[in-house]
Amino acid sequence: MTQVWFYHLERTPLRAALPDLLEKTLQKGWKAYVLGAAGETLEGLDQHLWAYRDEAFLPHGLESEPQAARQPVLLGDSGGNANGAEVLFSVSAMNLPELSPYQRCLILFEGHDETHLNWARAQWKTLKAQNLDLAYWKQNDAGRWEKVQ
């Protein structure tokens, strides 16, 4: 059964939180599919992931590019999972694909964006009704993630 983890981004913006979570995913030997809105969201993340930290390298690509299936981290808006990822990262308020192919789904939502927050609440209710394994994560005062539920 797919584990669904909700990450409430209140202290750390998406661009700061996502690279660390992706690195942890790759360290487990898993691939990731980042589902986001086409245009500024995906293109901005693509550029950011190349240069987010001088001493780091996070191999990734866009699903619209050649060799998408070979990418350990794939950014896209189709939900197609062309790289056979074990982990889905949802970073935009948009329909989720079928979750059964994934071991884990991380829903990252901006706490200061009312639309994204309301979307995440609706997803929680929908997924809870499907009896999926849900968890809610938030940051403590030290900036570390804590599992609340």
Side-chain angles (χ1 to χ4, degrees), residues 1-50 52 58-140 144-149:
M1 179 187 302
T2 305
Q3 296 177 322
V4 183
W5 293 359
F6 287 75
Y7 280 81
H8 194 161
L9 303 175
E10 293 178 292
R11 300 176 188 274
T12 304
L14 175 64
R15 287 186 178 206
L18 183 62
D20 291 338
L21 293 169
L22 288 171
E23 284 178 349
K24 289 177 183 176
T25 298
L26 295 179
Q27 287 169 1
K28 288 183 179 266
W30 291 345
K31 292 181 182 178
Y33 180 83
V34 179
L35 177 67
E40 284 185 36
T41 299
L42 289 181
E43 291 172 12
L45 286 175
D46 179 39
Q47 293 303 311
H48 177 68
L49 292 176
W50 287 122
Y52 71 96
L58 192 55
H60 70 281
L62 295 168
E63 71 182 351
S64 59
E65 297 173 340
Q67 308 299 325
R70 298 179 58 199
Q71 297 296 338
V73 175
L74 189 61
L75 308 170
D77 65 347
S78 75
N81 194 13
N83 66 338
E86 291 86 1
V87 182
L88 170 68
F89 286 79
S90 171
V91 299
S92 297
M94 56 192 295
N95 291 335
L96 294 173
E98 172 61 39
L99 298 182
S100 61
Y102 299 97
Q103 292 186 35
R104 190 169 293 159
C105 171
L106 279 64
I107 297 175
L108 287 73
F109 60 98
E110 302 277 358
H112 306 294
D113 178 340
E114 198 65 31
T115 301
H116 208 181
L117 184 61
N118 289 334
W119 174 85
R121 288 179 178 147
Q123 294 306 306
W124 179 276
K125 290 177 186 175
T126 299
L127 298 170
K128 184 83 167 166
Q130 296 173 17
N131 292 319
L132 291 175
D133 182 10
L134 305 183
Y136 173 79
W137 296 77
K138 70 175 191 170
Q139 285 181 301
N140 62 23
R144 301 185 73 84
W145 290 105
E146 292 181 340
K147 187 176 180 181
V148 177
Q149 286 183 333

- Please work out whether the ring planes of W137 and W5 are parallel, tilted or perpendicular, with thresholds of 30° and 60°. tilted
In this structure, NZ of K147 is separated from OH of Y7 (nearest 0.5 Å) by 9.5 Å
Closest non-hydrogen contact found for G79 with P97 is O-CB, 3.7 Å
ask   = Does the E110 side chain pair with the main chain of H112, one donor and one acceptor, at a distance under 3.5 Å?
value = no
W30 and R104 have their tightest heavy-atom pair at CZ3-NH1, 3.6 Å
Note: V87 and F89 closest approach over all heavy atoms is CG1-CE1, 3.5 Å
When rounded to the nearest 0.5 Å, the distance separating NZ of K31 from OH of Y102 is 12.0 Å
Check: Are the side chain of D46 and the backbone N or O of L42 linked by a donor-acceptor pair below 3.5 Å?
Finding: no
- Report the C-alpha distance between W119 and F109 in whole Å, list the side-chain angles of each, state the deciding distance to 0.1 Å, and finish with yes or no for ring pair (Phe, Tyr, Trp, His ring centres under 6.0 Å). CA-CA 9 Å; W119 174 85; F109 60 98; 8.0 Å; no
Residues pairing under salt bridge (Lys or Arg N to Asp or Glu O under 4.0 Å) where one sits in residues 61-78, two or more places apart or in two chains, turn out to be none
Output for pair (H116 NE2, L108 CG), nearest 0.5 Å, gives 8.0 Å
- request: Return the orientation label for the W124 and Y136 ring planes: parallel under 30°, perpendicular over 60°, tilted otherwise.
  value: perpendicular
Should L35 and L88 count as side-chain neighbours, where that means a heavy-atom distance under 4.5 Å? yes
Here the gap from S90 atom OG to L96 atom CG, rounded to the nearest 0.5 Å, amounts to 5.0 Å
d(C105 SG, Q123 CD) to nearest 0.5 Å is 8.5 Å
**Message:** Quick check: do L134 and F6 have side-chain heavy atoms less than 4.5 Å from each other?
**Reply:** yes
For residues 11-21, dump all side-chain donor-acceptor pairs below 3.5 Å to protein atoms at least two apart in sequence or in another chain.
| unit_1 | atom_1 | unit_2 | atom_2 | d |
| --- | --- | --- | --- | --- |
| R11 | NE | N140 | O | 3.2 |
| R11 | NH2 | D141 | OD1 | 2.7 |
| T12 | OG1 | Q139 | OE1 | 3.0 |
| T12 | OG1 | Q139 | NE2 | 2.8 |

- Query: Would a 4.5 Å heavy-atom cut-off, applied to side chains only, mark H60 and L75 as touching?
  - Reply: yes
Got L58 and E23 here, is their nearest side-chain heavy-atom distance under 4.5 Å? yes
request  = Keeping the roles fixed (side chain from S92, backbone from G36), state whether a donor-acceptor pair exists under 3.5 Å.
outcome  = no
Is the number of heavy atoms from other residues, nucleotides or ligands within 6.0 Å of NZ (K138) greater than 12? no
Taking the side chain as every heavy atom from C-beta outward, state whether E43 and H48 have any atom pair closer than 4.5 Å.
no
Heavy atoms, side chains only, cut-off 4.5 Å: are L106 and V91 in contact? no
Find out whether T2 and D133 are in side-chain contact, i.e. whether some heavy atom of one side chain is under 4.5 Å from a heavy atom of the other.
no
OG1 of T25 to CD of Q103, rounded to nearest 0.5 Å, is 10.5 Å
Looking only at heavy atoms, the pair that brings N83 and A68 closest together is CB-O, 3.8 Å
